[in-house]
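Each residue takes its place number in the sequence, starting with 1.
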Amino acid sequence: MPPADALPSRAQTFVERLPATVHIRGDRAFYDPTADSITMPPPEQFSTRAYWASTLAHEAGHWTGHPSRLDRAFGKKFGDDAYAFEELCAEMTSALLGADLELPTAHLDDHASYVDAWLRVLRREPRAIMTAAAKAEAAAGFLLRATGLGRLDHADEPYREAA
């Protein structure tokens, strides 16, 4: 039986194969677009390794926005609408990856401070949630394919009409 703190198999593969530059240091997690790298605190600073991997999935969501990957515009400063939108995309990416990789989503509660900013964006542009969801789905798919966990060809997927 695996240790209680072991990651689910797909999550472990995701962590091992993530092609991003990841630095393990410090006490906060962030994506640095200038250096194009992710900084993560050591896993011991999280209550479980799964929460650490969930946070890594969030930061990897940001990583996909780099111009050489999915080319999303990042906010210029903390709290502006573009920053809030990018955070919404990363949160949704983390949630999608969490569902696929069997990672917890309780850490999303820690990001409730962003809700006011998201609501501000959604009040100005009600369709922003659909755009964020589409960008998050693209980011999650990109990450799963980059780690060998996703399908490369979607042509054989059945077409489904919206309900």
Side-chain angles (χ1 to χ4, degrees), residues 8 10-11 13-15 17-22 28-41 46 50-155 157-163:
R10 284 178 61 80
T13 300
F14 177 84
V15 168
R17 294 183 183 173
L18 182 65
T21 299
V22 179
R28 64 185 190 102
F30 61 93
Y31 169 67
D32 179 347
T34 303
D36 190 25
S37 66
I38 296 169
T39 297
M40 290 289 297
F46 292 77
Y51 284 120
W52 181 87
S54 293
T55 301
L56 178 62
H58 172 94
E59 299 307 331
H62 288 302
W63 176 83
T64 65
H66 189 271
S68 68
R69 289 178 280 282
L70 299 179
D71 196 19
R72 281 190 315 276
F74 296 99
K76 301 299 180 217
K77 63 183 172 106
F78 181 82
D80 72 11
D81 285 354
Y83 182 91
F85 184 77
E86 175 60 27
E87 283 300 326
L88 181 56
C89 290
E91 285 295 290
M92 294 176 90
T93 300
S94 178
L96 291 168
L97 288 171
D100 186 279
L101 303 174
E102 299 178 46
L103 292 172
T105 57
H107 75 288
L108 298 176
D109 295 341
D110 296 338
H111 298 246
S113 61
Y114 294 121
V115 171
D116 284 338
W118 297 340
L119 289 174
R120 187 177 64 241
V121 170
L122 294 173
R123 282 186 193 106
R124 286 186 208 175
E125 179 51 57
R127 292 192 44 78
I129 192 73
M130 300 307 288
T131 302
K135 292 192 179 288
E137 183 178 25
F142 180 95
L143 289 164
L144 291 172
R145 287 187 300 280
T147 56
L149 295 169
R151 295 188 8 203
L152 297 175
D153 179 17
H154 300 283
E157 288 184 9
Y159 173 76
R160 293 186 186 103
E161 290 190 30

Looking only at heavy atoms, what is the nearest atom pair of [X] and [Y], with distance?
X	Y	answer
Glu102	Pro8	O-CG, 3.4 Å
Ala128	Phe85	O-CE1, 3.5 Å
Glu86	Gly61	OE2-O, 4.3 Å
Ala53	Val15	CB-CG2, 4.1 Å
Val22	Met40	CG1-CG, 4.1 Å
Met92	Ala136	CB-CB, 3.4 Å

Verify side chain to side chain contact (heavy atoms under 4.5 Å, CB included) between Ile129 and Leu88, making sure each step is shown before the conclusion. CA-CA 8 Å; Ile129 192 73; Leu88 181 56; 4.2 Å; yes
Rounded to the nearest 0.5 Å, how far apart are [atom1] of [X] and [atom2] of [Y]?
X	Y	atom1	atom2	answer
Asp100	Leu144	CG	CG	5.0 Å
Asp71	Thr64	CG	OG1	10.5 Å
Glu59	Asp32	CD	CG	11.0 Å
Thr93	Lys135	OG1	NZ	11.0 Å
Phe14	Leu149	CZ	CG	8.0 Å
Thr55	Leu103	OG1	CG	9.5 Å

My understanding is that only residues two or more places apart in sequence, or in another chain, count here; which of them pass salt bridge (charged side-chain N to carboxylate O under 4.0 Å, His left out) with Asp36?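 Partners of Asp36 by the salt bridge (charged side-chain N to carboxylate O under 4.0 Å, His left out) criterion, ordered by chain and then number, come out as Arg69.
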Looking at Ser54 and Pro104, would you say the former's side chain and the latter's main chain have a donor-acceptor pair under 3.5 Å? yes
For the backbone of Pro41 and the side chain of Trp52, can you confirm whether one donor and one acceptor N or O come within less than 3.5 Å of each other?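 Side chain of Trp52 to backbone of Pro41, a donor-acceptor pair under 3.5 Å: yes, one is there.
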Aromatic ring pairing His62/Tyr31, orientation class (parallel under 30°, perpendicular over 60°, tilted between):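 His62 and Tyr31: parallel rings.
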